[in-house]
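Take a look at the structure set out below.
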Amino acid sequence: MKHLAFASIEQLQKLIERKEISSRELVSFFAKRFEQHDERVKSAIEVFDVPSTLRLSQPSGPLSGIPGILKDNIAQRGRQLTCASKILTGFTSPYDATAIERLKKSGAPLLGRANCDEFAMGGSTEYSAYFKTHNPWDLDRIPGGSSGGSIAAVAAGLCPWALGTETGGSVRLPAAFCGIVGLKPTYGLVSRYGVVAYASSFDQIGISTRTVKDNATILSVIAGHDVHDATSRSVMPRDYTRLLDGRLPEHCTIGVLDNMVHIKGMQPAVQERIEAAIKEFEKLGARVKRISIPVLDYCAAVYFVLSRAEAASNLARFDGVRYGLRDRDTQTLEEMYMRTRHEGFGAEVRARMLIGNYVLSAGYSRKFYANAKKVQQLMRVEVERVLKDVDVLLAPTQAAPAYKIGACDNDPLTIDLLDFFTCFANIIGIPGLALPCGFVDNMPVGFQLFGPALSEELLYKVGHAYEQVTPWHTMHPPMFVER
Ligand code: GLN
């Protein structure tokens, strides 16, 4: 059954339809893949037992028998929910996130909880309170983060799809580092109900899959309005695979964000892969325009301030009273708060709360928070202006292949700078689709496509056309391919 591990959702659906394999067999097959291989990748915090996985998903539906894994900051009813943090030790979710409810209704078996950076804060999955996840292409390297567990599981052929979350690039960055497809939907397209908040005005669930079409299949299940999320857009469910015919849209113009391609620190070999992808689009008939949006140079700085500010407010709720961990060896309430939070949160999360409260504090908030909000608005205006002239924007996802685990231990700012290529989409709420475009040092590298709000169908169509003429999605990490 070696072909199953790296099969697309589409191929698996056909096998089930033709009754060549049952849902139960598929779920058991992928559960076995985790058992055999996750010792090395360490993508999952928990893999559920097969009977309970099968019991919780409806027996028939478009995703019946097609299992996936979920980042451990998305609520699954009756399952633990840790955000890879000690502070949520022992917490069990009393309800399903809206996306989870929709997946279950569509028949999808949910296999487990994927590792991530604590509270999704990080870019490498080195900041999990449990363990570090490894890149399936080279186990000494990071998978990227913060949704590293979700993405590594798909890349290693442990399951065909996974959900992560995106606040600043946490699905697209690891997708690029691991050579698979990652989508950050338009803000408000997928309900945030049941997603543990990091920076609420940026947070979105993201999707990782092997192919563009598979990605569109999962989005079709989870997208659409939800009364439980006040920021959810009133969008009706639709079939996002509808336009995927392998062709670019007519008269397609691609705007290449030149200042991101030619930025200092960009490895020439990565640049070459991006330029090769651009050529491929030209061959497909696209018109390519080189543009630059100088204000985007500030995106990592803006993201740094705004994400910390929102995180500081959101994480105030973890105080030992309502959720998870509580230090019981204390005399006063205040001491209980302090000790619980000190013991429960890791160093990175604590640092972010300090910075967040600082940039919001009286006397400093105008200098930091208010200014960052102004630049955010400028970015929105500039990008919207450019998107009137081109259909989609193209930019790299990374400046270099994934670095070695531990390489940035004394240099956390380097990890923050990984957000540079991705976070502007979160800052202004537009969708971003990350696709693989080759290898550098035997490690995957990729690029991204961006479009106006709610242009997911367009991004998929453009990405799909590229995928049909390139081999990257058919390549898998050799050590996980059974011979
Ligand atoms: N690396 C970014 C951060 O640490 C992005 C995280 C995310 O998208 N969840 O904030």
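The shown structure was predicted, so the numbers you read here are calculated from the model rather than taken from an experiment. Each ligand, and each atom within it, is numbered from 1 in the order the structure gives.
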So if I count the atoms of ligand 1 from 1 in the order they appear, which ones are less than 4.0 Å from some heavy atom of Met121? 4 (O)
In terms of atom number and element, which parts of ligand 1 are under 4.0 angstrom from non-hydrogen atoms of Glu166? 8 (O)
Contact between ligand 1 and Tyr303 is defined here as a heavy atom of the residue under 4.0 Å from a ligand atom; is it met? yes
Give the atoms of ligand 1, by number and element, whose distance to some non-hydrogen atom of Asp419 is under 4.0 Å. 1 (N), 2 (C), 3 (C), 5 (C)
Looking only at distance, does Asp416 have an N or O less than 3.5 Å from an N or O of ligand 1? no
Could you check whether Asp214 and Thr209, counting side-chain N and O atoms only, form a donor-acceptor pair closer than 3.5 Å? no
Under 4.0 Å, counting heavy atoms only: does Gly122 come that close to any atom of ligand 1? yes
Ignoring hydrogens and angles, state whether a donor on the side chain of Gln76 or Ser93 is under 3.5 Å from an acceptor on the partner side chain. no
Logged contact type for Arg352 with ligand 1, heavy-atom cut-off 4.0 Å, is side chain
Do Asp96 and Lys105 sit within salt-bridge range, that is, some charged N less than 4.0 Å from a carboxylate O? no
Measuring centre to centre across the rings, with the benzene-like ring taken for any Trp, is Phe318 within less than 6.0 Å of Phe119? yes
Under 6.0 Å between the ring centres of Phe368 and Tyr358? yes
Contact partition for Ser146 relative to ligand 1, non-hydrogen atoms under 4.0 Å: side chain
Quick one: which ligand 1 atoms are inside 4.0 Å of a heavy atom on Gly169? 8 (O)
Which protein non-hydrogen atom lies closest to atom 7 (C) of ligand 1, naming both residue and atom, and how far is it? Ser170 OG, 2.4 Å
Do Asp258 and Ser292 meet the criterion of a side-chain donor-acceptor pair at a distance under 3.5 Å? no
Give the atom numbers and elements of ligand 1 that come within less than 4.0 Å of a heavy atom of Ala120. 6 (C), 7 (C), 9 (N)
Ignoring hydrogens and angles, state whether a donor on the side chain of Asp72 or Thr82 is under 3.5 Å from an acceptor on the partner side chain. yes
If you measure only the distance, is there a donor-acceptor pair under 3.5 Å linking the side chains of Tyr187 and Arg192? yes
Within the structure, does Thr165 bring an N/O atom to less than 3.5 angstrom of an N/O atom in ligand 1? no
